[in-house]
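Notes follow the structure.
When a residue number appears, it is its place in the shown sequence, counting from 1.
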Amino acid sequence: RYATSRERFDEQFKEGKAIGEGVGILIRAWAERRSQLDLERKDIRQQITTYYNAAFELGDEVVRQQDALVGLYGRLGEFDPTHKALFEEAAKSSSAYRAKMAQLRPLTEKNLPGILAAKDMKYLQGSLDLAKKFYDLTSDGAKRGYVFTQLIQALAGHYEYQLRASASSSTPDSTDKKAAPVD
């Protein structure tokens, strides 16, 4: 009787050990997967942060561009009084756009910690896609704004040049002498 109990005990022990080893393998696989997901979450969170910070910097640049445009529109109104009302309206529009862009960063920054605290990979991946899109849109707007600002600066420079040229041609210059005929 002792022999059969001992054999049965050994068989059950082996079965239990095999089950334990199987559970151990599953637990190690789960822990490795969890560690891998934690690394993926950390990477995605870092990418989200990077995209938003880059978009914030571009947004700040757009705000500076709008400030420059308001000043340029004021100069253009002085140079071309016939279109002063148009330039004043453009300055108001630039000021309104600047105000909206200035509000965008604090609102987005307020929500960013909640986004980054998420654990759901699908949500984080969607947030990363949204961050990329936000950056791309901000980048496109900043590029267009830069080109437009440069064009308005060129227009102001052109008006300024014309005013200087007309002012210098209307003042008598004592060094002007008729050129001697060339033989």
Side-chain angles (χ1 to χ4, degrees), residues 15-78 83-158:
E15 289 174 7
K17 185 177 177 184
I19 290 171
E21 287 173 356
V23 169
I25 290 171
L26 289 175
I27 290 172
R28 281 190 299 279
W30 173 82
E32 286 176 20
R33 177 65 181 146
R34 182 173 179 193
S35 176
Q36 180 185 6
L37 283 174
D38 287 343
L39 289 174
E40 288 177 24
R41 282 187 196 104
K42 183 178 178 181
D43 181 55
I44 290 174
R45 288 178 180 129
Q46 182 60 44
Q47 289 181 51
I48 290 170
T49 302
T50 301
Y51 275 110
Y52 274 111
N53 286 338
F56 294 153
E57 289 177 21
L58 288 170
D60 292 344
E61 179 59 31
V62 169
V63 167
R64 287 189 292 275
Q65 288 173 0
Q66 295 306 312
D67 287 340
L69 281 172
V70 169
L72 287 169
Y73 289 136
R75 282 179 51 203
L76 287 170
E78 293 171 12
H83 293 102
K84 187 172 185 162
L86 178 69
F87 294 129
E88 287 173 351
E89 188 63 32
K92 286 179 189 176
S93 177
S94 285
S95 293
Y97 182 61
R98 182 216 182 280
K100 288 184 186 215
M101 285 301 294
Q103 290 174 347
L104 185 63
R105 182 178 186 151
L107 290 174
T108 307
E109 282 180 331
K110 184 175 103 178
N111 294 323
L112 194 54
I115 293 169
L116 296 175
K119 291 190 177 193
D120 182 44
M121 288 297 289
K122 190 173 184 179
Y123 177 80
L124 284 171
Q125 190 61 47
S127 296
L128 176 59
D129 294 342
L130 185 63
K132 287 177 183 178
K133 187 174 183 178
F134 178 59
Y135 170 78
D136 289 342
L137 290 172
T138 307
S139 176
D140 289 345
K143 288 174 188 173
R144 289 184 186 135
Y146 175 78
V147 170
F148 185 73
T149 302
Q150 295 300 308
L151 288 171
I152 296 299
Q153 283 179 333
L155 180 61
H158 174 71

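- Applying the ring pair (Phe, Tyr, Trp, His ring centres under 6.0 Å) rule to Phe87 yields no partners; only residues at least two apart in sequence or on another chain are considered.
- For residues 132-157, there are no salt bridge (Lys or Arg N to Asp or Glu O under 4.0 Å) pairs, not counting sequence neighbours.
- For Thr108, there are no side-chain hydrogen bond (donor to acceptor under 3.5 Å, both in side chains) partners two or more places apart in sequence or in a different chain.
- Ala55 and Thr138 get closest at one heavy-atom pair: O-CG2, 3.5 Å.
- Taking both residues in full, the closest heavy atoms of Leu69 and Ser94 are given as CB-OG, 3.9 Å, listed atom of the first, atom of the second, then distance.
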Can you list, pair by pair, the side-chain donor-acceptor contacts under 3.5 Å of residues 151-158, counting residues two or more places apart and other chains?
| from | atom 1 | to | atom 2 | distance (Å) |
| --- | --- | --- | --- | --- |
| Gln153 | OE1 | Gln150 | NE2 | 3.3 |
| His158 | NE2 | Gln162 | NE2 | 3.1 |

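- Applying the side chain to side chain donor-acceptor pair (under 3.5 Å) test to residues at least two apart or on different chains, the pairs with a partner in residues 19-33 are Arg33-Gln36.
- Shortest non-hydrogen contact noted between Val70 and Ala91 is CG2-O, 3.7 Å.
- Considering only residues two or more places apart in sequence or on other chains, Ala142 meets the side-chain contact (heavy atoms from CB on, under 4.5 Å) condition with Leu58, Val62.
- In this view, Thr49 and Asn53, Leu116 satisfy the side-chain contact (heavy atoms from CB on, under 4.5 Å) rule, not counting sequence neighbours.
- A distance of 15.5 Å separates OH in Tyr73 from CD in Glu78, rounded to the nearest 0.5 Å.
- Here Asp43 pairs with Gln47 under the side-chain hydrogen bond (donor to acceptor under 3.5 Å, both in side chains) rule; sequence neighbours left out.
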Run the side-chain donor-acceptor check on residues 118-131: report pairs under 3.5 Å with partners two or more places apart or on a different chain.
| from | atom 1 | to | atom 2 | distance (Å) |
| --- | --- | --- | --- | --- |
| Asp120 | OD2 | Tyr123 | N | 3.2 |
| Ser127 | OG | Tyr123 | O | 3.0 |

Test log, rule side-chain contact (heavy atoms from CB on, under 4.5 Å), inputs Tyr146 and Thr149: CA-CA 5 Å; Tyr146 175 78; Thr149 302; 5.8 Å; no

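- Atoms CD1 and CG, on Ile48 and Leu112 in that order, are 8.0 Å from each other to the nearest 0.5 Å.
- Atom CD of Glu109 and atom CG of Leu104 lie 9.5 Å apart (nearest 0.5 Å).
- For Tyr135, the ring pair (Phe, Tyr, Trp, His ring centres under 6.0 Å) partners at least two apart in sequence or on another chain are Tyr51.
- For residues 57-72, the set of pairs meeting the salt bridge (Lys or Arg N to Asp or Glu O under 4.0 Å) definition, not counting sequence neighbours, comprises Asp60-Arg105, Glu61-Arg64, Asp67-Arg98.
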